[in-house]
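Reviewing the structure listed below.
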Amino acid sequence: MRPELSQLPTAQDLSEQILHHLTHTQGRGPEFATVFDWRLAVSYTIRDLIVTPWMAGHRASRDRKLKRVYYLSMEFLIGRILGDAIINLGLDAQMDQALATLGLDRTEILEDEPDAALGNGGLGRLAACFMESLSSLGVPAFGYGIRYEHGLFRQRFEGGQQVEAPEDWLNQPHPWEFVRVDYSYTVGFKGHVETVDGKSVWRPGESVIARAYDTPVIGWEGNWANTLRLWGAQPTNLFDLHRFNAGDYAAAAEPEALARTLSRVLYPDDTTESGKELRLKQEYFLTSAALQDIIRRFVAEHGEDLAHLPDKVAIQLNDTHPAIAGPELIRILMDEHGFGFTEALGLARRTLNYTNHTLLPEALERWSTWLMGHVLPRHLQIIEMIDAEHRATTGRPAHVSILQHDQVLMGELAFIMAGKVNGVSALHTDLVRSTVFSDLHKLHPDRIVNETNGVTPRRWLRMANPPLAKLLDQSIGTGWTGDLDQLKGLEAHADDPAFLHALRAAKRLNKVALSNGLLAGLGIKADPDAIFDVQVKRMHEYKRQLLNTLEAIALWHRIHESPNGDWTPRLKIFGGKAAPGYWMAKSIIHLINDVAATINKDPVTAPYLQIAYPPNYNVSMAEHLIPAADLSEQISTAGKEASGTGNMKFTMNGALTIGTLDGANVEIREQVGPENFFLFGLTAAEAAAEKAKPGHARAAIEKSEDMKIALQLIAEGRFGRAEHYFSLLDRTWNDDPFLVASDFASYFACQRKVDAAYRDARDWDRMAALNIARSGFFSSDRTIRGYMADIWKVEAVTL
Ligand SMILES: *Cc1c(COP(=O)(O)O)cnc(C)c1O
């Protein structure tokens, strides 16, 4: 099935197809076509080429009765699709030529596509990387999510403060999806439970229809495509014709509006628990529709006997958001298929697996039993049965219960209902075992496994960084794209001056491109020979953008003190959104912008220090920033970042990391070698001990003159009005839960080591080369192979 080279379309085939779609799908002649028309015509041309392997894969999976993976996630942070699809089909060169013949600008076409921003950050981007790797490896899989009409909000800055605007990616035709009107399921809520002939029957009081929208995800080399199936909510009764005829048009449309709210918005935070009824309904909406679809497909392929479900179905729950899948699957097996409770529980547990993504207590989902009973009355009964059974079979005290203090603990539920529970980096998995789930771990010592995250090298290296990809191809061949361990071959070049020179030149191309963008977009004049120091990720106190900002202020002050010193020029780049209700994170955004405004216009320090904060960080911006970075900021409080995946993207692209021993930083440092990594700060154990000391922040600030001055300058109103920052300053002096003060001195000193290291270009480039060479472990292909072997027990298809 692999498309032979001879079968790949030529540039001429492509341009003919593009013209065909422009005329016959878009209904436009070339003389009237806009960039949008052309982009759709190009997308349809590429989509046509994906459909063939997609259908062939479906047929093969069905005919061979293969086991499938089902990845349930409330978020898929996909970004743009077109460029990735062109690369994975191996049509880069042909498409360039086709576009050139048609007189089209490739960048303009690609950048016309809106980001599919159906996620907040790392968790959603992981799901997107996994979908790509599952297809690249040829593993039969479905991703299930929600087709939010409005993805993550758009961010802009007004007076330095974040302002949110709705995102509207579906305001225009989305060429990648196929709507499946025939795959529609009813999802119920509320109502009551009746006993009929000794069996429980849930009579929902409300219902909506979940309608499937399918997007094929093509893998590397175009051999296999899996489906991302997103559910859109539809009303069960479209329209109240009586009311309409009576002239009450608004009321007539009410059922539709109500149903649609279910798939209207993405909750703009994945690190704080949200107690909203709508959020619980969204979670059940996704889960119920997915399970109905999975069971329908199982029955169609394997017959009615659901006792074999675990042999053919492996379900992965991305965080606890779809954890209602446990009780829902039991409900389906018991109430609809006549299984006894114990048997249903056993089958569900052999089918379901759960990935933990956080140790932050404020991010662990919990619902009041009242709300659970109100929205999902039958599920609450089943949760009580699961809890009782677990207590009975393990003989355990109540403190490992799912139900505690009138709350349903979704982490405990997910754990107890999972065959395997995994953490997402070695350190995080250890902490999952020793902290959040220590009691459950003792009861089930084999259940927790580690699967360190990864990212797809197709998007994050080959597509995002053409200059580096070209150099890699020339140096070690093209095989690395599908087998990232081959980057090891670069080690042989790490002392070759010609290679290092070419590596620097590739990085410089990206830096120049970014400088031009920053000048055009923000009016910032960036020197491409400065250190490009990048921190891009969600704004959160534990990620410590504040630490980076205070370092900038302290450095600025020091430069002022000796303006003729031997300073290493640096451009600090920030990017990231704060959840709209997260006041402290928004205050830090405000501070960064205020600090940037002051520093950037200071003629004394301008040659040495600039700060850029482009608004609306998203996947497409990451693709521009990461390849241009020299320094990757991974400075979270140790023990707080589960894994991080941004850190991996930077390493692959030859940025050196300044970081704490947190999340996957630990493994990055192990892989690249401690001599090629800038380590600072407390360890997770030391951080926990430090936090327990009363007055730890004040004590640390008193010890660091640089930190003290930085805080003083803010308090004096040197960066915007001081009163904007009173609570932030107060929190830093008196509470500092994320230990900015305790780590400041170590961080500041480490940054000066970075300054010194950057001056030795040869050595810096060598370190960068070794970072790239040793980043193969962080391919999501490796991660997926881990899940396949340890958790899913599935195999890739060999066609
Ligand atoms: C990779 C990525 C993230 C995750 O970054 P972390 O540094 O791991 O938090 C978040 N947002 C976007 C757009 C990304 O591409």
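Whatever order the structure lists ligands and atoms in, that order sets their numbers, starting from 1.
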For Leu77 and Gly121, the nearest pair of non-hydrogen atoms, with its separation, is CD2-O, 3.5 Å
Does the pair Arg544/Asp743 count as a salt bridge with the N-to-O cut at 4.0 Å?
yes
Output yes when Arg264 and Glu149 qualify as a salt bridge under the 4.0 Å nitrogen-oxygen rule, no when they do not.
yes
Taking the inter-plane angle between the rings of Tyr613 and Phe574 on a 0 to 90° scale, is it parallel (under 30°), tilted (30 to 60°) or perpendicular (over 60°)?
tilted
Contact table ligand 1 N or O to protein N or O, d under 3.5 Å:
unit_1   : atom_1 : unit_2 : atom_2 : d
ligand 1 : 7 (O)  : Lys537 : NZ     : 2.7
ligand 1 : 8 (O)  : Thr645 : N      : 2.8
ligand 1 : 8 (O)  : Gly646 : N      : 3.0
ligand 1 : 9 (O)  : Lys543 : NZ     : 2.8
ligand 1 : 15 (O) : Lys649 : NZ     : 2.6

With rounding to the nearest 0.5 angstrom, report the CD to OG1 distance, Glu365 to Thr320.
3.5 Å
Between the CZ atom in Arg125 and the CZ atom in Phe130, the distance rounded to the nearest 0.5 Å is 11.0 Å
